[in-house]
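One structure is given below, encoded as structure tokens.
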Amino acid sequence: MQTKIDRGILLVISGSSGTGKGTVCNSLRKRRPDLEYSISATTRSPRAGETDGVEYFFLTRDEFKRKIEAGDFLEYADNYGNFYGTPRDKVLELLNLGKTILLEIDVQGAHQVQKNYPDGVFIFLLPPSIEELKRRIIGRNSETEESIQKRLSIVNDELESGKSYNYVVVNDEVERAVDEICAILDAESLKVGRNLNLFDELVKNS
Ligand code: 5GP
């Protein structure tokens, strides 16, 4: 059965640092190549193997601030000293074309999208346990001691904010978590409000 989506789905995947958002989203994108991925802008330096315009648009702080002032971001956040933001125009253009767009963003950013675009589908990724989350945050070699402590100190508040999302997925096993996200996407795409064209076409031809 073919459904026709009137407007695309803005799929927001968020959660505390260490829940594995990046890994889950990479696997989801392989499974669902039809998903558009919003490339964020950031002021952090590229890591080895990262290319401007592929993983991120790498901007200077001045360039980023100018874009904030111009209202160019759907959301942005200061994430442990670096700015990250979602370019607004590209996302809205793709939604108008009926595309499903994946945003992998932190909890502060997701909170702004909830305000600016409440029609989004908000999925909160949970770690299997607090011990595992701490292990993942501490285990990242890229983090300084200060940044580890900052990340750990806001985990409880971030978990609390997850209660306002639409869906929760536990990332105990990546492929299983991706199965659940695919099921959410399938159900969302069948919502009546996203498929009013189907009704209109039938009425037109009756
Ligand atoms: P990383 O520097 O490891 O690539 O990402 C650090 C954090 O920034 C991750 O939690 C990631 O989800 C988040 N992030 C990436 N892009 C965006 C964005 O456009 N907006 C917000 N608010 N967070 C982002």
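Order of listing sets the numbers, starting from 1, for every ligand and every atom in it.
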Can you find a non-hydrogen atom of [X] under 4.0 Å from ligand 1?
X: Arg47; result: yes
X: Gln108; result: no
X: Tyr80; result: no
X: Ser17; result: no

Nearest neighbour in protein (non-hydrogen) for [atom]:
atom: atom 10 (O) of ligand 1; result: Lys21 NZ, 3.1 Å
atom: atom 5 (O) of ligand 1; result: Tyr56 OH, 3.3 Å
atom: atom 12 (O) of ligand 1; result: Glu104 OE2, 2.8 Å
atom: atom 2 (O) of ligand 1; result: Tyr84 OH, 2.4 Å
atom: atom 20 (N) of ligand 1; result: Glu75 OE2, 2.7 Å

Taking all atoms of both residues into account, what is the closest heavy-atom pair of Asn171 and Arg136, and its distance? O-NH2, 3.3 Å
With heavy-atom distances below 4.0 Å as the criterion, list the atoms of ligand 1 near [X].
X: Thr86; answer: 19 (O)
X: Gly109; answer: 22 (N)
X: Arg44; answer: 1 (P), 2 (O), 4 (O)
X: Asn79; answer: 7 (C), 8 (O), 13 (C)

For atom 16 (N) of ligand 1, which of Ala77, Ser40, Ala110 has the closest heavy atom? Ser40
Which of the listed options, Asp106, Val12, Leu74, holds the heavy atom that is closest to atom 22 (N) of ligand 1? Asp106
Measuring only between side-chain heavy atoms, which start at C-beta, is [X] closer than 4.5 Å to [Y]?
X: Ile9; Y: Ser189; result: yes
X: Asp179; Y: Arg31; result: yes
X: Gln149; Y: Glu146; result: no

Close N or O approach (Tyr76, ligand 1; < 3.5 Å): no
Please report whether ligand 1 has a polar contact with Ala41, defined as an N or O pair separated by less than 3.5 Å (distance criterion only). no
Let me confirm one number: the OG-CD distance from Ser14 to Gln108, rounded to the nearest 0.5 Å. 9.5 Å
Spacing of Ser17 atom OG and Ile154 atom CD1 [to the nearest 0.5 Å]: 6.5 Å
Residues 164-206 vs ring-ring contact (aromatic ring centres under 6.0 Å, His included), sequence neighbours excluded, gives Phe124-Tyr165
Charged N-O contact under 4.0 Å between Glu132 and Arg135: yes
Tell me whether the guanidinium CZ or amine NZ of Arg29 lies under 6.0 angstrom from the six-membered ring centre of Tyr37 and within 45° of its axis. yes
Side-chain donor-acceptor contacts of residues 68-83 below 3.5 Å, not counting sequence neighbours, with atom names and distances?
{"unit_1": "Glu75", "atom_1": "OE2", "unit_2": "Thr86", "atom_2": "N", "d": "3.3"}
{"unit_1": "Glu75", "atom_1": "OE2", "unit_2": "Thr86", "atom_2": "OG1", "d": "2.5"}
{"unit_1": "Asp78", "atom_1": "OD1", "unit_2": "Gly81", "atom_2": "N", "d": "3.1"}
{"unit_1": "Asn79", "atom_1": "ND2", "unit_2": "Asp106", "atom_2": "OD2", "d": "3.2"}

Working for side chain to side chain donor-acceptor pair (under 3.5 Å), residues Thr100 and Glu36: CA-CA 6 Å; Thr100 297; Glu36 298 282 339; over 6 Å; no
